[in-house]
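Just below is one structure, and these are the notes that go with it.
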Amino acid sequence: MRLIIASQNKGKLKEISCALATVGIEAVAMDSFGDLVPAIEDGETLEENAIKKAKAVVQQTGLPCLADDSGLMVDALNGRPGVYSARYAGEDASYADNNELLLRELKEFPPEKRQAAFCCVMALCYPDGKCQLFTGKLEGVILEQFQGNDGFGYDPLFAVGGQQRSLAQMSVAEKNEISHRGLALQKLLNHFI
Ligand code: IMP
C-alpha cells in the first residue's frame with residue numbers, strides 16, 4: 001500500500017516514512033506528482049492547517065492524502081510559537097533563526113521554568129471530502145544550548161523530561177517511539193491494522 005504525504009518538509013517526510021515502513025506502507029512525497037500547489041497555511045489551529053494541507057493535495061491528485069501540522073508550545077511564552085512555529089522569527093525564517101530567537105526569549109528563564117510541548121495533528125483526507133484526525137503530544141524542556149545534529153526544527157533545543165539528550169541526538173526510530181508525530185502516527189496505524 002502507498003500513501004501520499006502532503007508535505008515538503010524533509011524532516012517530517014523522513015519520520016513519517018520510517019513509521020509507515022514498519023507496517024509495510026510506502027510514503028509517497030507530494031513532490032513525486034510534479035509541481036502541486038501546496039495549501040496556504042493561514043489557519044488559526046493545527047487542526048485547520050492539517051486539513052487544509054491534506055485537502056489541497058487530495059484535490060490535485062484525486063487520491064487520499066496524509067498531512068501533518070505541528071508546533072512547539074512553550075509555557076513561559078504562553079504557548080508561543082504554537083501554530084506559528086515555522087515562521088516564529090519571520091516569514092522566511094530558517095530553523096537557525098527560529099532557534100536563536102527562542103534562546104533569546106528564554107534567556108532569563110532557569111531550567112525549571114523552561115517546560116514546553118510539541119503537538120502534532122495529522123489529517124488523513126479522502127476524495128469524498130471526509131477527513132480523520134490523529135493527534136500526539138510530547139512534553140519536555142527547552143535546553144540552554146544546542147545539542148545534537150540530527151532531526152530538524154527545534155530538535156537540538158528540546159529534551160524530553162528528565163533526559164539530558166535532545167531530540168537531535170536520537171535516531172529517527174527512537175524519536176518516533178516517543179514523539180508527538182510518532183504518537184499520532186501510531187494512532188493512525190492502530191486505526192487501520
Ligand atoms: P508546520 O507544521 O509546517 O506549520 O511547521 C511546524 C514547525 O514546527 C516546523 O517547521 C518546525 O519548526 C516545528 N516542528 C514541528 N515538529 C517538529 C519536530 O518534531 N521537531 C522539531 N521541530 C518541529
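Both ligands and their constituent atoms are indexed starting at 1 by order of listing. Nothing here was measured: the structure is a model prediction, and the numbers come from that model.
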Query raised in the report: Hey, is ligand 1 close enough to K12 that some N/O pair sits below 3.5 Å?
Result: yes
Report task. Answer yes or no: does an N/O atom from Y95 fall short of 3.5 Å to an N/O atom of ligand 1? Result ->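 The answer is no, given that Y95 and ligand 1 share no N or O pair closer than 3.5 Å.
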Contact summary for [X] and [Y], nearest pair of heavy atoms:
{"X": "M30", "Y": "L36", "result": "O-CD1, 3.7 Å"}
{"X": "R114", "Y": "L143", "result": "NH2-O, 3.0 Å"}
{"X": "I5", "Y": "A27", "result": "CG1-CB, 3.7 Å"}

Quick one: which ligand 1 atoms are inside 4.0 Å of a heavy atom on [X]?
{"X": "K53", "value": "1 (P), 2 (O), 3 (O)"}
{"X": "S85", "value": "7 (C), 8 (O)"}
{"X": "H180", "value": "16 (N), 17 (C), 18 (C), 19 (O)"}

**Report entry** I51 CD1 to D69 CG distance, which is reported to the nearest 0.5 Å
**Finding:** 10.5 Å
Query - From CD (E108) to NZ (K113), nearest 0.5 Å - result: 12.0 Å
**Report entry** Pairs flagged by ring pair (Phe, Tyr, Trp, His ring centres under 6.0 Å) wherever residues 8-66 is involved - sequence neighbours left out
**Finding:**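 Matches after skipping sequence neighbours: none remain.
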Query - Pairs flagged by ring pair (Phe, Tyr, Trp, His ring centres under 6.0 Å) wherever residues 80-119 is involved - sequence neighbours left out - result: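 Every pair satisfying ring pair (Phe, Tyr, Trp, His ring centres under 6.0 Å) with a residue in residues 80-119: F118-F158, F118-H180.
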Students should be able to answer this: which protein heavy-atom is nearest to [atom], and at what distance?
{"atom": "atom 16 (N) of ligand 1", "result": "R181 NH2, 2.8 Å"}
{"atom": "atom 15 (C) of ligand 1", "result": "S70 OG, 3.2 Å"}
{"atom": "atom 10 (O) of ligand 1", "result": "A86 CB, 3.6 Å"}

Would you indicate which of [options] comes nearest to [atom] when only heavy atoms are counted?
{"atom": "atom 18 (C) of ligand 1", "options": "Q8, E15, K175, E41", "result": "K175"}
{"atom": "atom 12 (O) of ligand 1", "options": "F152, Y84, Y154", "result": "Y154"}
{"atom": "atom 20 (N) of ligand 1", "options": "L102, N176, D155, V121", "result": "D155"}

Query raised in the report: Does E41 pair with K53 as a salt bridge, N-O distance under 4.0 Å?
Result: yes
Requested in this report: Check if N98 has a non-hydrogen atom at a distance under 4.0 Å from any atom of ligand 1.
Outcome: no
Report task. Under 4.0 Å, heavy atoms only, figure out whether ligand 1 is touched by the backbone of F118, its side chain, both or neither. Result -> side chain
Requested in this report: Begin with the C-alpha distance, continue with both residues' side-chain angles, and end with the deciding distance and a verdict on side chain to side chain contact (heavy atoms under 4.5 Å, CB included) for L102 and L72.
Outcome: CA-CA 11 Å; L102 182 61; L72 176 69; 3.8 Å; yes
